[in-house]
Amino acid sequence: MGDRTVEQLLVKSTAGMWNDKTELSTLTGRNIGNMYTASLYGALVSLLSQKSAADLSGRRLLLYSYGSGLAASMYSIVCRDAADAAVTLTSLCENLSEVPKRLESRTASATDDYRGVMDLREKTHHAAPFKPTGDVTSLWPGTYYLSSIDDMHRRQYSVHNQEQASSQMASVATSLSKSNGHS
């Protein structure tokens, strides 16, 4: 048997285990691509966004990350929903539960549109003063974006739909406070 045949047999024989233990953690990677250092934490967010605290409580999670060189790290986390914690497992899972919805609601851009954006970025790289002209209406509330660069290359940022983002953050803070036993 060749290496490829052995690999195919191993993948087929372990598919159930992969689905049970790993598949949910691949959501962000499948939708966003390689985030390099953030990939490990993206995988953790993927899992927490699709499971409830009750599903995870008492479970041990193995996190493993490797670089392109000789470095790798592995550690485990035991999920506990401690009522006295600053952030509870329940509030974390609830607040991350919209991640799949956000990923699904993205809109695809045409290749020519992407090329246009990249051409503009190339032409304006290190430009100062500079004021971007792109449309920000499709950004999520609370997203920071570059609004200008002055003649000394100082950057100015704005927050898209800050009022709605502030309202959402207040709601999250209230939810966290209640889940931590505070009224």
> Once you round to the nearest 0.5 Å, how far does OG of S49 lie from CD of E94?
13.5 Å
> What's in the same ILVMFWY side-chain cluster as M17, cut-off under 4.5 Å, chained through other members?
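Joined to M17, directly or through intermediates: none.
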> For D3, does the CG atom sit with more than 12 other heavy atoms under 6.0 Å from it, leaving out its own atoms?
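For D3, atom CG is not crowded (no more than 12 foreign heavy atoms under 6.0 Å).
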> Begin with the C-alpha distance, continue with both residues' side-chain angles, and end with the deciding distance and a verdict on side-chain contact (heavy atoms from CB on, under 4.5 Å) for T107 and S138.
CA-CA 9 Å; T107 56; S138 65; 5.8 Å; no
> For R155, check side-chain hydrogen bond (donor to acceptor under 3.5 Å, both in side chains) against everything at least two apart and list the hits.
Y157
> Same cluster or not: Y36 versus L40, using hydrophobic residues (I, L, V, M, F, W, Y) connected whenever any side-chain heavy atoms lie under 4.5 Å apart?
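No; L40 is not reachable from Y36 via cluster members.
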> Decide yes or no on side-chain contact (heavy atoms from CB on, under 4.5 Å) for M74 and L62, but give the supporting numbers first.
CA-CA 7 Å; M74 182 184 302; L62 178 66; 3.3 Å; yes
> Evaluate side-chain contact (heavy atoms from CB on, under 4.5 Å) for L89 paired with L48, printing each intermediate quantity in order.
CA-CA 9 Å; L89 182 59; L48 295 175; 4.2 Å; yes
> Which residues satisfy the salt bridge (charged side-chain N to carboxylate O under 4.0 Å, His left out) test with R30, sequence neighbours excluded?
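For R30, the residues satisfying salt bridge (charged side-chain N to carboxylate O under 4.0 Å, His left out) (neighbours in sequence not counted) are E23.
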> Side chains of D81 and T90: is there a donor and an acceptor less than 3.5 Å apart?
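The answer is yes; a qualifying pair exists.
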> For residues V136 and W140: do they belong to one hydrophobic cluster (side chain heavy atoms under 4.5 Å, members Ile, Leu, Val, Met, Phe, Trp, Tyr)?
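Shared cluster, no.
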> Which pair of non-hydrogen atoms, one from M152 and one from D150, has the smallest distance, and what is that distance?
N-OD1, 2.8 Å
> Distance check, rounded to the nearest 0.5 Å: I149 atom CD1 versus H153 atom NE2?
8.0 Å
> Looking only at heavy atoms, what is the nearest atom pair of S148 and L146, with distance?
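For S148 versus L146, the nearest heavy atoms are O-CD1, 3.5 Å.
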> If hydrophobic clusters are built from ILVMFWY residues whose side chains come within less than 4.5 Å, do Y145 and L120 share one?
no
> Just by modelled atom types, is the V87 backbone N or O under 3.5 Å from a matching donor or acceptor in the S91 side chain?
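Side chain of S91 to backbone of V87, a donor-acceptor pair under 3.5 Å: no, none is there.
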> Ignoring hydrogens and geometry, is there a side-chain-to-backbone donor-acceptor pair from S25 to T22 under 3.5 Å?
yes
> Distance from D151 atom CG to F130 atom CZ, nearest 0.5 Å?
15.0 Å
> Does CZ in R121 sit with more than 12 non-hydrogen atoms of other residues, nucleotides or ligands closer than 6.0 Å?
no
> Is there a continuous path of hydrophobic side-chain contacts, each under 4.5 Å between heavy atoms, that joins Y41 to V99?
yes
> Please find the pair of heavy atoms, one from Q50 and one from S46, that lie closest to each other, and give the distance.
NE2-O, 2.9 Å
> Without hydrogens or angle criteria, can the side chains of S73 and S65 be said to hold a donor-acceptor pair below 3.5 Å?
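Distance-only check fails for S73 and S65.
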> Indicate yes or no: does R4 engage E7 in a salt bridge with an N to O separation below 4.0 Å.
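A salt bridge is present here (some side-chain N lies under 4.0 Å from a carboxylate O).
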> For the hydrophobic clusters of this structure (ILVMFWY residues joined by side-chain heavy atoms under 4.5 Å, transitively), does one cluster hold both I77 and L56?
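In one cluster with I77: L56, yes.
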> Measuring from K101:NZ to E104:CD, what's the distance to the nearest 0.5 Å?
10.0 Å
> Looking at every heavy atom in both S39 and N34, which two are closest together, and how far apart are they?
OG-OD1, 3.2 Å
> If we check side chain to side chain contact (heavy atoms under 4.5 Å, CB included) with T28, which of these qualifies: I32, N31, T26?
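When I32, N31, T26 are each tested with T28, the side chain to side chain contact (heavy atoms under 4.5 Å, CB included) holds only for I32.
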> Would you give the length of the straight line joining atom SG of C79 to atom CG of L47, rounded to the nearest 0.5 angstrom?
7.5 Å
> In Å and rounded to the nearest 0.5 Å, what is the CG to NZ distance from L24 to K51?
5.5 Å
